[in-house]
Chemist: 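The structure follows.
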Protein chains: 2
Amino acid sequence: MESKTAVAGLAALAQDARLAIFRLLVQKGPEGLCVGDIAAKFGMAAATLSFHLKELTSAGLLVARQEGRFIYYAPDFEEMNALVSYLTENCCGGGTCAPAYRPVARKRKEKVT
Amino acid sequence: MESKTAVAGLAALAQDARLAIFRLLVQKGPEGLCVGDIAAKFGMAAATLSFHLKELTSAGLLVARQEGRFIYYAPDFEEMNALVSYLTENCCGGGTCAPAYRPVARKRKEKVT
DNA sequence: CCTATATTTCGATAATACTAGAAATGTGGA
DNA sequence: TCCACATTTCTAGTATTATCGAAATATAGG
């Protein structure tokens, strides 16, 4: 993943409403939820929700699928995986940071003598 | 980690200049770099760099330490780890997303080869 | 075709973020 | 103390983002 893509993904998630939306959809899994149901869950204006869904979708984190009159949004797990991988590889000191974290030198306070 | 903290961290990284700064500092490790060296690397105005460092620091992703007339910034790897963990746990469907994800290896001894 | 429902786009406004010059602060050395 | 240097804060201009009512578009069913 390129850094520009990563920035786009991070920006998409870096907002209360959008992070909440994305988390909800992750819980729902690949089937996702239709816009109306998401709106009901958060009680935001339809236009606002549509704006956020568009942000998440153009960042590649959501995929939309039409089903009758409804449009279902679901996470693109592969893209999210790529984003997390980017972070562990580029922002965590080469894997030393994340899950398999090695108890290396914790930062310690300067001793004032 | 709470979602508000996560949003702050994501927002801090969701910007070209800041992501670049953070990646550079991750490469440099716990020693970090002083502001002048970072400025030299990117050629941005001192005030602009200071603004970005403040953003990253108040999101908890950087720590500053004074050394003589210089101020060194280094990543807070623990905080970054917490952020990545938040994402894998809340935004990746509990492992559905990150295939290479190994469930919490607590305090594993480093094999010295 | 007409109507009801679902969702998006338009347009306007308010809020927040980015950039950088200039001034201020902090630090060490002469 | 005074100076030189490193960094931050102040201030302002510009740009981007968030919100939402209203209008437009799409879809299904009669």
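Side chains are part of it too, since the values below use all heavy atoms of this structure and drop only hydrogens, waters and symmetry mates. Chain letters run A, B, ... following the sequence lines, proteins first and then strands; every chain starts at 1.
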Chemist: Any heavy-atom pair between the side chains of B:L83 and B:L10 that's under 4.5 Å?
Modeler: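 Side-chain contact under 4.5 Å: yes.
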
Chemist: Answer yes or no: is there a side-chain heavy-atom contact under 4.5 Å between B:L49 and B:V35?
Modeler: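 Sidechains of B:V35 and B:L49: in contact.
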
Chemist: In whole angstroms, how far is the P atom of C:dT27 from the CZ atom of B:R65?
Modeler: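 Interatomic distance, CZ of B:R65 to P of C:dT27: 15 Å.
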
Chemist: What string of B, S and - do you get for nucleotides 14-30 of chain D, 5' to 3', when a contact is any protein heavy atom under 4.0 Å?
Modeler: ----BBBB-----BS--

Chemist: To the nearest angstrom, how far is B:I21 atom CD1 from C:dT19 atom C1'?
Modeler: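 So the CD1-C1' distance, B:I21 to C:dT19, works out to 13 Å.
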
Chemist: Counting side-chain heavy atoms from CB outward, which of D:dT9, D:dA6, C:dT7 is closest to B:S50?
Modeler: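 Selected nucleotide: D:dT9.
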
Chemist: How close or far is atom C1' of C:dT25 from atom CZ of B:F70, stated in whole angstroms?
Modeler: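 About 17 Å, once rounded to whole Å.
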
Chemist: When you measure from the side-chain N and O atoms of B:Y73 to the phosphate of D:dA6, is any distance below 4.0 Å, counting only OP1 and OP2?
Modeler: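 No, B:Y73 has no side-chain N/O under 4.0 Å of OP1/OP2 on D:dA6.
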
Chemist: Tell me: CD1 of B:I71 to C1' of C:dT25, nearest whole Å?
Modeler: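 Computing the B:I71:CD1 to C:dT25:C1' distance gives 10 Å.
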
Chemist: Who clusters with A:F70? Use side-chain heavy atoms, under 4.5 angstrom, across I, L, V, M, F, W and Y, and order the result by chain and number.
Modeler: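 Joined to A:F70, directly or through intermediates: A:Y72.
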
Chemist: How many Å lie between NZ on B:K54 and P on C:dA17, as a whole number?
Modeler: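 Taking atom P of C:dA17 as the reference, NZ of B:K54 is at 12 Å.
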
Chemist: Is there a side-chain contact between B:E79 and B:T5, using heavy atoms and a 4.5 Å cut-off?
Modeler: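 Heavy-atom side-chain distance check passes, below 4.5 Å.
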
Chemist: Just wondering, do B:I21 and B:F42 contact through their side chains at under 4.5 Å, heavy atoms?
Modeler: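 The answer is yes, as the side chains (C-beta and beyond) meet within the 4.5 Å cut-off.
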
Chemist: Are there over 12 heavy-atom neighbours, none belonging to A:E67, within less than 6.0 Å of that residue's CD?
Modeler: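 Yes - once you tally the heavy atoms of other residues, nucleotides and ligands closer than 6.0 Å, there are more than 12.
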
Chemist: Tell me whether B:F51 shares a hydrophobic cluster with B:F22, the cluster being built from Ile, Leu, Val, Met, Phe, Trp, Tyr side chains joined at under 4.5 Å.
Modeler: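 Looking at the clustering, B:F22 is in a separate group from B:F51.
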
Chemist: Is the shortest side-chain heavy-atom distance between B:L25 and B:L62 below 4.5 Å?
Modeler: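 They are in side-chain contact.
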
Chemist: Rounded to the Å, how far apart are A:L49 CG and C:dT9 P?
Modeler: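 Value for this atom pair: 13 Å.
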
Chemist: Name every residue in residues 33-43 of chain B that has at least one heavy atom under 4.0 Å from any atom of DNA chain C, in order of residue number, or write none if there are no such residues.
Modeler: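 Under 4.0 Å from DNA chain C: no residue of residues 33-43 of chain B.
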
Chemist: In the structure I gave you, are the side-chain heavy atoms of A:L56 and A:L13 within less than 4.5 Å of one another anywhere?
Modeler: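 Answer yes - side chains close enough.
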
